[in-house]
Amino acid sequence: MDMNELPVYVARLTSVEFARVTGGDAPVCILLPVGAVEPHGPHLALDTDLTISRAAAERAVPALRARGIVAFVAPDVPYGVTECARDFAGAASVPQPAVEAYLAGVIGGWQRAGARHVCLVNNHLEPAHDAAVRAAVAACDPAGASVASPLTRRFARTLSDEFRRGACHAGEYETSIVLAAAPESVREEISRMLPDVDVSLSDNLARGVDRFVAMGMRDGYAGSPARASAAHGDEMLARLAAMIVTTVEEAVAAA
């Protein structure tokens, strides 16, 4: 099967087609979008983090295939640890051990199915959730799994100033990406009227403040959603896709 004819999503293949792909010479890589069902202010949908992970993974697929890695996007893992937003409606949090165990099981399942590498693409950055994602990878064959996350410092440096300042929950950074990837999930008439909220999540979390309300995020967002644009979102998605490509390329080369 010609690599250019393959679907982006692995679930669109039949069993016979997947066996044919994994039986070839090129390494097969599964990109697994991970997120959370979590409040993102009055203007963004609850699945914002998953939307970002999925869109970045989709954009990484052709770049990886151009480099000889047969990449696919796997069905999402939509739930995660989301305790910081627990004061707002729609925070469907899962305990950290359950997230870790489930993700490790999914990684192992794809490895046994014939994937050479599984990359967890995570854009829900709550510390306990990030720890679960990384622990799941560590529990599996380290040569066959990795995490692509903007919390990794060298990739964080490539993103926007708002992101680097930590004021990036449903602000310009995330709102722009959703405008580019799934504009129907943005309530633009609301986002354009929202004032800036200059609160750094990273600084607060470092001080042990673990609730958005206690951080001063009374409406569940930080940053500047009114400044968001689809063009900025496209730029950020390109950088997130590059993050995935680099992560996978380095891991496959080291295996």
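Numbering of residues begins at 1 and proceeds along the displayed sequence.
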- Item | With R59 via side chain to side chain donor-acceptor pair (under 3.5 Å) - residues at least two apart | D234
- Does some side-chain heavy atom of P42 sit less than 4.5 Å from a side-chain heavy atom of L194? yes
- C168 vs L125 side-chain heavy atoms within contact, under 4.5 Å: no
- Task: Answer yes or no: is there a side-chain heavy-atom contact under 4.5 Å between Y221 and T175?
- Result: no
- Which residues share a side-chain contact (heavy atoms from CB on, under 4.5 Å) with T48, sequence neighbours left out: H40, L44, I52, E174, V178
- Should S160 and E172 count as side-chain neighbours, where that means a heavy-atom distance under 4.5 Å? no
- Item | H43 side-chain N/O to A170 backbone N/O, donor-acceptor pair under 3.5 Å | yes
- Message: Applying side chain to side chain donor-acceptor pair (under 3.5 Å) as the test, list every pair that has at least one member in residues 140-151; sequence neighbours left out.
- Response: H117-S146
- Message: Can you tell me which residue among N122, L103, L151 is in a side-chain contact (heavy atoms from CB on, under 4.5 Å) with R134?
- Response: L151
- salt bridge (charged side-chain N to carboxylate O under 4.0 Å, His left out) partners of D219, counting only residues at least two apart: none
- Query: Does a sphere of radius 6.0 Å around CZ in F18 hold more than 12 heavy atoms from other residues, nucleotides or ligands, not counting ones at 6.0 Å or beyond?
  - Reply: yes
- Message: Measuring only between side-chain heavy atoms, which start at C-beta, is Y102 closer than 4.5 Å to V94?
- Response: no
- Task: With sequence neighbours left out, write down each residue that passes ring pair (Phe, Tyr, Trp, His ring centres under 6.0 Å) with F88, or none if nothing qualifies.
- Result: none
- Task: With sequence neighbours excluded, tell me which residues meet salt bridge (charged side-chain N to carboxylate O under 4.0 Å, His left out) with R65.
- Result: none
- Partners of R154 by side-chain contact (heavy atoms from CB on, under 4.5 Å), sequence neighbours excluded? T152, R157, T246, E250
- Task: Compare all side-chain heavy atoms of R218 with those of V197 and state whether any distance is below 4.5 angstrom.
- Result: no
- Under the ring pair (Phe, Tyr, Trp, His ring centres under 6.0 Å) test, residues paired with Y173 that sit two or more places apart: F163
- Just jot down the side-chain contact (heavy atoms from CB on, under 4.5 Å) partners of R165, sequence neighbours excluded, or say none. D161, E162, A167, D198
- Message: Distance check, rounded to the nearest 0.5 Å: Q111 atom CD versus I30 atom CD1?
- Response: 10.5 Å
- V34 side chain near V99 side chain, heavy-atom distance below 4.5 Å: no
- salt bridge (charged side-chain N to carboxylate O under 4.0 Å, His left out) involving R67 - partner list, sequence neighbours excluded: E249
- Partners of E235 by side chain to side chain donor-acceptor pair (under 3.5 Å), sequence neighbours excluded? R239
- Task: Please examine the side chains of V28 and V10, heavy atoms only from C-beta on, and report whether any two atoms are closer than 4.5 Å.
- Result: no
- Query: Can you list every pair that meets side chain to side chain donor-acceptor pair (under 3.5 Å) and has a residue in residues 70-95, with sequence neighbours left out?
  - Reply: E38-T82, R54-D76, E83-S93, D87-R211
- Note on the structure: Rounded to the nearest 0.5 Å, the OG atom of S176 sits from the CE atom of M236 at a distance of 8.5 Å
